[in-house]
Amino acid sequence: MRDLQIDWLKCFVATVDAGSLSSAAAEIHRSQSAVSMQLKKLETAIGHRLLERNARQLALTHEGRMLLGYARRMLDLQAEAQAALREDDVDGLVRLGVPDDYASKYLTPVLKRFAPRHGGVEIQLDCEQSTSLIPRVARGELDLALVSRDHARRGTLLFHEPMVWVGSPQFDVWRRNPLPIAVYEAASLGRRSAINALALQGRPYKIVYNSSNLAGQIAAVESGLAVAVLTQCSAPPHLQRLGTEHGLGPLEPMEVAVYRSQASKGNKAVDRLQRMLVETLRAKA
């Protein structure tokens with residue numbers, strides 16, 4: 001097996017993250033034919049196909065999935081070494097917002113990649129609901145936020161997050177009529193999704209619990225007070241997922257986007273973090 005070249009790995013990871021050769025080429029400022037050639041060289045060196053290509057999408061082969069983790073680590077280590085051996089020209093403060101249900105699953109892997117490359121950048125993190133974060137970004141109080149967007153032109157779309165009904169397996173709350181539900185604040189998209197789904201079914205409900213944070217929603221469900229609608233990534237495994245067999249219809253997914261303030265334009269530290277959010281999280285789309 002030949003040595004693996006950094007350029008080959010960079011093209012491979014960019015293609016996986018972007019979802020297509022053309023998007024990857026634009027991301028790393030290479031021609032599409034150059035990216036394709038680098039991928040062929042990598043596959044020749046490995047001795048296996050890494051990507052299955054068809055007219056609509058790219059899919060990782062078994063060997064591609066195995067290589068991807070190693071490729072990311074090699075690229076991260078190269079970036080860390082480069083940053084250590086040169087004076088990083090990026091520093092300053094980035095004020096970042098994220099809802100608590102997205103923080104652990106989606107923000108953690110981004111910050112793990114960002115921190116070694118940009119040690120001079122300080123990140124100030126605020127955890128609030130998207131309905132609070134969006135106006136704060138618009139006012140320039142935050143530079144960036146990972147949000148469930150409220151309309152199609154809000155920020156840069158990253159992926160769709162499924163929504164799920166949850167209840168306690170110890171209590172058959174879903175059998176009650178009217179259905180007791182726990183909800184977020186009045187402007188919450190999750191609250192709107194739950195009420196719209198019940199309205200379409202014609203199922204009677206009553207709001208018995210309000211909380212602006214995830215911990216409060218989970219507490220209401222665990223205690224048998226209500227059922228709730230949560231993002232799939234935040235639903236604890238010990239809670240019961242509820243669906244049509246429990247008389248609860250499907251829910252529209254959330255559009256998760258990165259939203260940036262106008263006031264932060266030209267800020268290199270914000271540029272770098274925004275780019276890494278897009279590169280890392282768009283792979284879910």
Side-chain angles (χ1 to χ4, degrees), residues 17-18 23 26-27 29 79 83 87-161 163 183-193 210-217 231 233-234 252-285:
D17 288 347
S23 296
E27 193 71 44
H29 310 292
E87 185 176 342
D88 199 339
D89 60 349
V90 177
D91 57 18
L93 172 69
V94 179
R95 299 166 301 171
L96 176 65
V98 63
D100 53 1
D101 49 349
Y102 294 155
S104 177
K105 176 148 189 194
Y106 299 130
L107 188 59
T108 298
V110 175
L111 297 183
K112 283 174 103 174
R113 294 183 65 198
F114 185 84
R117 303 183 186 200
H118 305 294
V121 176
E122 177 188 352
I123 296 176
Q124 177 182 301
L125 182 63
D126 284 8
C127 288
E128 299 180 48
Q129 289 297 307
S130 296
T131 47
S132 298
L133 295 173
I134 288 170
R136 292 188 64 195
V137 174
R139 292 193 299 265
E141 296 171 8
L142 294 172
D143 301 309
L144 284 173
L146 188 66
V147 298
S148 298
R149 66 181 184 179
D150 50 355
H151 63 71
R153 289 171 20 180
R154 177 82 67 195
T156 302
L157 178 65
L158 301 176
F159 59 91
H160 291 81
E161 175 67 24
M163 303 294 289
V183 294
Y184 288 106
E185 70 276 11
S188 164
L189 296 175
R191 174 178 177 143
R192 191 184 311 168
S193 178
N210 275 276
S211 175
S212 62
N213 60 64
L214 176 62
Q217 298 292 315
T231 51
C233 66
S234 68
E252 288 293 321
M254 291 292 179
E255 292 187 342
V256 181
V258 57
Y259 183 39
R260 180 172 182 171
S261 72
Q262 289 294 325
S264 71
K265 297 300 182 185
N267 184 318
K268 287 185 178 181
V270 179
D271 289 344
R272 300 284 178 88
L273 183 54
Q274 181 183 20
R275 186 180 312 132
M276 191 159 289
L277 281 163
V278 172
E279 288 175 357
T280 306
L281 298 182
R282 226 178 214 170
K284 285 183 50 59

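Looking at heavy atoms from C-beta onward, E279 lies out of side-chain contact with V110 at the 4.5 angstrom threshold. The side-chain heavy atoms of L96 and L107, taken from C-beta on, include a pair separated by under 4.5 Å. In this structure, the side chains of M163 and E252 stay at 4.5 Å or more apart for every pair of heavy atoms. Side chains of E122 and V94 form no contact here, defined as non-hydrogen atoms less than 4.5 Å apart. Within the 4.5 Å cutoff, side-chain heavy atoms of T156 are placed close to those of R282. Taking the side chain as every heavy atom from C-beta outward, V137 and L144 never approach each other to under 4.5 Å. Side chains of I123 and L273 form a contact here, defined as non-hydrogen atoms less than 4.5 Å apart. No side-chain heavy atom of M254 sits under 4.5 Å from any side-chain heavy atom of H160.
In this structure, T280 OG1 and L158 CG are separated by 10.0 Å, a value rounded to the nearest 0.5 Å. Atom CG in D100 sits 6.5 Å away from atom SG in C127 (nearest 0.5 Å). Separating the CG atom in D271 from the OG atom in S264 is a distance of 7.5 Å, to the nearest 0.5 Å. In this structure, D17 CG and S23 OG are separated by 11.5 Å, a value rounded to the nearest 0.5 Å. Atom-to-atom distance recorded for L146:CG and L133:CG is 9.0 Å, nearest 0.5 angstrom. Considering CG of D101 and OG of S130, their distance stands at 7.5 Å, rounded to 0.5 Å.
Checked by atom type and distance alone, the side chain of H151 pairs as donor or acceptor with a backbone atom of R153 at under 3.5 Å. The main-chain N or O of S211 is found under 3.5 Å from a side-chain atom of Q217 such that the two form a donor-acceptor pair. A donor-acceptor pair under 3.5 Å is absent between the side-chain atoms of D126 and the main chain of G97, judged by distance alone. Side-chain N or O atoms of T108 include none that pairs as donor or acceptor with a backbone N or O of K105 at under 3.5 Å. When atom types are taken as modelled, the side chain of S188 and the backbone of R191 share a donor-acceptor pair closer than 3.5 angstrom.
The minimum heavy-atom distance linking G140 with S261 is given by the pair CA-CB, 4.2 Å.
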Give the intermediate values and the outcome of side chain to side chain contact (heavy atoms under 4.5 Å, CB included) for residues L189 and R192.
-> CA-CA 5 Å; L189 296 175; R192 191 184 311 168; 3.5 Å; yes
Which is it for F114 and R272 under the side chain to side chain contact (heavy atoms under 4.5 Å, CB included) test, yes or no, and what are the steps along the way?
-> CA-CA 8 Å; F114 185 84; R272 300 284 178 88; 3.9 Å; yes
Working for side-chain hydrogen bond (donor to acceptor under 3.5 Å, both in side chains), residues E161 and Y102 = CA-CA 10 Å; E161 175 67 24; Y102 294 155; 5.9 Å; no
Before giving the answer on side chain to side chain contact (heavy atoms under 4.5 Å, CB included), spell out for Y259 and R149 the whole-Å C-alpha distance, their side-chain angles and the decisive distance to 0.1 Å.
-> CA-CA 9 Å; Y259 183 39; R149 66 181 184 179; over 6 Å; no
Under the side-chain hydrogen bond (donor to acceptor under 3.5 Å, both in side chains) rule, what do S212 and Q129 come out as? Steps first, then yes or no, please.
-> CA-CA 7 Å; S212 62; Q129 289 297 307; over 6 Å; no
Apply the test side chain to side chain contact (heavy atoms under 4.5 Å, CB included) to residues L93 and R95: give CA-CA distance (whole Å), side-chain angles for both, the deciding distance (0.1 Å), then the verdict.
-> CA-CA 6 Å; L93 172 69; R95 299 166 301 171; 4.1 Å; yes
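A side-chain donor from one of Q274 and R260 sits under 3.5 Å from a side-chain acceptor of the other. Donor-acceptor pairing under 3.5 Å is lacking for the side chains of E255 and S148.
Not counting sequence neighbours, the partners of E141 by the side-chain hydrogen bond (donor to acceptor under 3.5 Å, both in side chains) test are R136, R139.
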